[in-house]
Amino acid sequence: MTIERQIVKDQLLRYYHQMVLIREFEGESYRQYMQKNIRGFLHAYSGQEAVGVGIIGELENQDYVVSHYRDHGHAIAKGVNVNSVMAELFGKSTGTSRGKGGSMHLFDVGKRFMGGYAIVAGQIPIAVGLSLAAKEIDKEAIVVCFLGDGAMQEGEFHESMNLSSIWKLPLLFVIENNLYGMGADVAQTLAIHDEIYKFANGYKMASDKVDGMDLFEVRAAAQKAIGLVRSGEGPYLLEAQTYRFRGHSISDPANYRPEIEVSYWMSRDPIEMLKTRLIKEDMVSQEDLDAIHKLVESEIVEAVNFAEKSPFPSADELYQNVVSGSGE
Amino acid sequence: MPEMNYREAMNRALREALDENETAYIMGEDIGPYGGTYAVTRGLYDEYGPSRIKDAPLSESVIVGAGIGSAIVGMKPIIEIMTINFSLLAMDQIVNHAAKLRYMSAGQIEIPLIIRMVTGGGAQLGATHSQNFEGWFASVPGLTVVAPATPYDALGLFRASRDTRDPVIFVEHALLYSLRGDVPEEHYMVPIGRADVKKSGKDVTIVSHSRMVHVAMGAAQELEQIGISVEIVDLRSLRPLDMDTVIKSVEKTHNAIVLEETWKTGGFGGEIASQIVELGFNFLDSPVMRIGGEDVPAPYTHVLEGLAFPDIGRVVKGVRSLLDR
């Protein structure tokens with residue numbers, strides 16, 4: 001095997017590892033929810049892994065990622081420690097927010113994962129601000145803002161599209177179009193629902209769509225979009241067509257989705273598609289992939305152990321960080 | 001001591017902020033060549049240019065959100081929301097995000113952001129442009145709410161707000177901009193969270209903030225003529241709230257009136273009144289009285305608008321009835 005081929009192989013295995021890690025992490029988090037170790041809302045990213053992993057994989061460390069309430073996948077892809085994420089879900093003091101944020105509010109500023117935001121579209125104006133600072137004082141970084149088709153229905157999306165376009169901010173909007181805003185079909189909720197990336201036209205913003213189930217396609221689209229944004233061309237909107245394999249949240253059996261639709265998308269499982277291609281094109285061996293599944297298994301066991309053994313925050317943390325110095 | 005008006009004091013406050021830190025910028029609607037609806041930013045655009053004085057589209061939500069985002073990573077934004085009435089369009093960013101990100105991130109995120117807003121009625125602007133929402137913001141943990149009543153306090157509190165590492169709602173009253181007052185040349189600061197006894201007295205305490213402080217002062221002058229001595233406590237900030245100063249005053253006067261411009265029902269005055277009862281019941285010779293706006297949308301015509309907001313006559317009447325004199 002040539003060195004080039006080895007590099008490509010390692011890279012592809014890293015992508016595969018991240019996608020499997022996210023999938024298994026969420027499967028485990030559902031099990032932990034059933035055991036009442038995790039409470040509150042829990043929104044799984046399962047099915048959408050190729051989008052987050054493919055886009056974030058093309059970023060540099062200094063770039064910022066802003067996410068929504070379905071944020072486990074983006075956090076893990078940006079390098080946030082899986083143990084800390086699991087501990088946060090458990091509400092433990094070793095969690096990313098010391099147990100004060102929960103599943104929908106993961107933050108790791110050191111990794112430039114700037115948060116999961118649980119008010120639909122609320123993250124978008126903040127991403128605009130980050131990109132303003134990136135342009136004016138940072139000068140190296142760009143910002144990726146993930147949002148769903150549901151967020152496009154909010155005014156904050158449109159205000160942010162307009163301002164970022166006028167000011168030519170280094171901001172990549174990634175629409176994860178999973179066809180449903182909670183349970184509402186986009187056909188009922190968006191004026192343009194078949195090609196939603198065309199909303200960008202009204203803001204004089206470059207845009208495109210991509211098959212969000214195909215990691216290779218996502219990576220190619222991300223390279224193009226990120227290149228343009230980094231070159232100072234202004235913001236870009238990328239629509240990734242994808243699908244939620246689970247309901248809106250753990251309490252949603254998703255009965256509103258036709259079976260034929262679900263089975264179609266399940267047949268396009270991004271992890272299975274990647275695996276098939278890697279094997280078929282002889283880029284990796286079955287043993288390589290088995291090793292990754294084994295690694296992920298041990299990582300998940302470790303994350304649960306870590307979360308279980310970690311202490312809950314003490315009562316005196318209640319008033320800490322309301323404002324600077326509070327509760328001390 | 002040199003005199004200047006409230007508007008000039010705010011203009012000076014903004015210049016200082018821009019001069020001190022090159023990442024400081026002002027963003028708002030029509031604050032550029034137009035000079036700001038209340039002319040507070042007049043002259044700044046020519047002097048500092050468009051990258052420091054950012055004229056933004058009419059999009060309150062993204063204006064505040066962009067302020068938050070840029071503050072998180074090291075800039076020092078000063079946001080102007082043209083009037084507090086329009087802050088309703090940015091409520092999600094202010095209440096759900098600015099106020100909560102420090103807590104939800106366990107201190108990873110800091111938002112040193114000042115959001116200026118013009119509050120108040122009394123200028124015949126009708127129901128949608130004559131409101132006082134500072135009390136709403138004051139009920140939200142994570143926000144700091146400052147409402148200066150004088151040019152001196154405006155400059156001093158703005159300096160203190162710049163040192164705050166959390167979002168500050170800085171409330172200026174539209175009818176105070178032409179008010180003149182002493183403002184020293186030398187540097188001073190007014191700490192946030194300390195009420196100020198604007199007038200000392202012995203018979204009754206009036207607790208108030210912003211423009212109503214001046215209504216209380218007018219009433220106190222009239223009451224002086226009939227031998228009633230009023231002490232006036234200007235809260236200056238609603239969060240943090242300095243109840244120590246209020247209770248100390250009530251301990252002295254034994255009577256308390258809470259005066260505010262907004263609707264009496266659900267107004268912030270109710271919070272202060274109940275804290276006076278909780279903390280100072282034994283000092284009271286009479287029930288705490290609240291004087292606030294009438295529970296109506298602000299009417300346009302001056303004949304009715306005058307009835308909707310507290311004025312000197314109503315405060316005089318309230319004091320006399322409370323003291324039965």
Side-chain angles (χ1 to χ4, degrees), chain A residues 64 66 88 93 95-102 104-110 112 114-134 136-138 141 143 154-164 166-167 169 313 317 319-326, chain B residues 22-23 25 27 50-52 54-77 79 89-93 95-113 140-144 163-168 192 239-240:
Chain A
Y64 297 100
V66 175
E88 185 63 28
S93 69
T96 44
S97 295
R98 304 186 60 79
K100 284 165 140 179
M104 304 191 289
H105 308 118
L106 302 172
F107 294 87
D108 189 340
V109 172
R112 299 212 163 178
M114 304 309 283
Y117 291 79
I119 303 291
V120 173
Q123 77 276 24
I124 314 172
I126 293 170
V128 170
L130 291 168
S131 67
L132 176 66
E136 297 203 350
I137 63 171
D138 192 308
V143 180
E154 297 279 1
E156 291 186 306
F157 168 72
H158 298 275
E159 289 189 11
S160 300
M161 290 287 285
N162 187 47
L163 187 75
S164 61
I166 296 169
W167 289 357
L169 299 178
E317 292 203 35
Y319 276 91
Q320 284 172 15
N321 285 310
V322 177
V323 293
S324 171
S326 67
Chain B
E22 61 179 19
T23 71
Y25 69 89
M27 174 160 53
S51 73
R52 307 291 304 281
K54 296 179 192 294
D55 248 338
L58 309 183
S59 307
E60 286 77 10
S61 212
V62 76
I63 290 172
V64 173
I68 295 170
S70 61
I72 288 172
V73 289
M75 296 187 86
K76 298 282 274 178
I79 301 302
L89 293 161
M91 246 0 188
D92 174 47
Q93 289 301 315
V95 177
N96 283 327
H97 296 96
K100 302 204 171 36
L101 288 174
R102 174 190 286 277
Y103 195 80
M104 293 197 302
S105 70
Q108 292 183 67
I109 285 181
E110 282 195 339
I111 307 172
L113 170 71
V140 180
L143 295 179
T144 294
D163 280 353
T164 302
R165 296 155 71 141
D166 293 290
V168 176
I192 294 171
R239 179 184 277 269

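Hydrogens, waters and symmetry mates play no part in the numbers below; they use all other heavy atoms, side chains included. Just so we're on the same page: letters track the sequence lines, and every chain starts at 1.
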Out of A:Asn162, A:Asp108, A:Val128, A:Ile166, which one racks up the most heavy-atom pairs below 4.5 Å with chain B? A:Asp108
Roughly how far, to the nearest 0.5 Å, is the CD atom of A:Glu317 from the OH atom of B:Tyr103? 8.5 Å
Taken to the nearest 0.5 Å, the spacing of B:Glu22 CD from A:Ile137 CD1 works out to 9.5 Å
Does B:Ala90 have any side chain to side chain contact (heavy atoms under 4.5 Å, CB included) partners at least two apart in sequence or in another chain, and if so, which? B:Glu60, B:Val64, B:Ile94
Which heavy atom in A:Tyr64 sits nearest to a heavy atom in B:Val73, and how many Å separate them? OH-CG1, 3.5 Å
Distance from A:Ile119 atom CD1 to B:Asn96 atom CG, nearest 0.5 Å? 4.0 Å
Roughly how far, to the nearest 0.5 Å, is the CE atom of B:Met104 from the CG atom of A:Leu106? 10.5 Å
What pair of heavy atoms forms the shortest contact from B:Ser61 to A:Pro125, and how long is it? O-CB, 3.8 Å
Under 3.5 Å, side chain of B:Gln108 to main-chain N/O of A:Thr96, donor-acceptor pair present? yes
May I ask you to decide if B:Arg102's main-chain N or O and A:Asn321's side chain share a donor-acceptor pair within less than 3.5 Å? no
Take A:Glu154 and B:Asp92 through the test side chain to side chain contact (heavy atoms under 4.5 Å, CB included) and record every step on the way to the result. CA-CA 12 Å; A:Glu154 297 279 1; B:Asp92 174 47; over 6 Å; no
Do you know which of A:His158, A:Glu136, A:Arg98 has the most heavy-atom pairs with chain B at a distance under 4.5 angstrom? A:Glu136
Atom pair CD/CD1 of A:Glu159 and B:Ile63 - distance to nearest 0.5 Å: 7.5 Å
With chain A, the option among B:Arg165, B:Lys100, B:Glu110, B:His97 that has the most non-hydrogen atom pairs under 4.5 Å is B:His97
Do B:Tyr25 and A:Leu132 have side chains that approach each other closer than 4.5 Å (heavy atoms only, starting at C-beta)? yes
A:Pro313, A:Gly101, A:Ser160: which one forms the most heavy-atom pairs within less than 4.5 Å of chain B? A:Ser160
Measure the CG-CZ distance between B:Leu101 and A:Phe107 for me, rounded to the nearest 0.5 Å. 5.0 Å
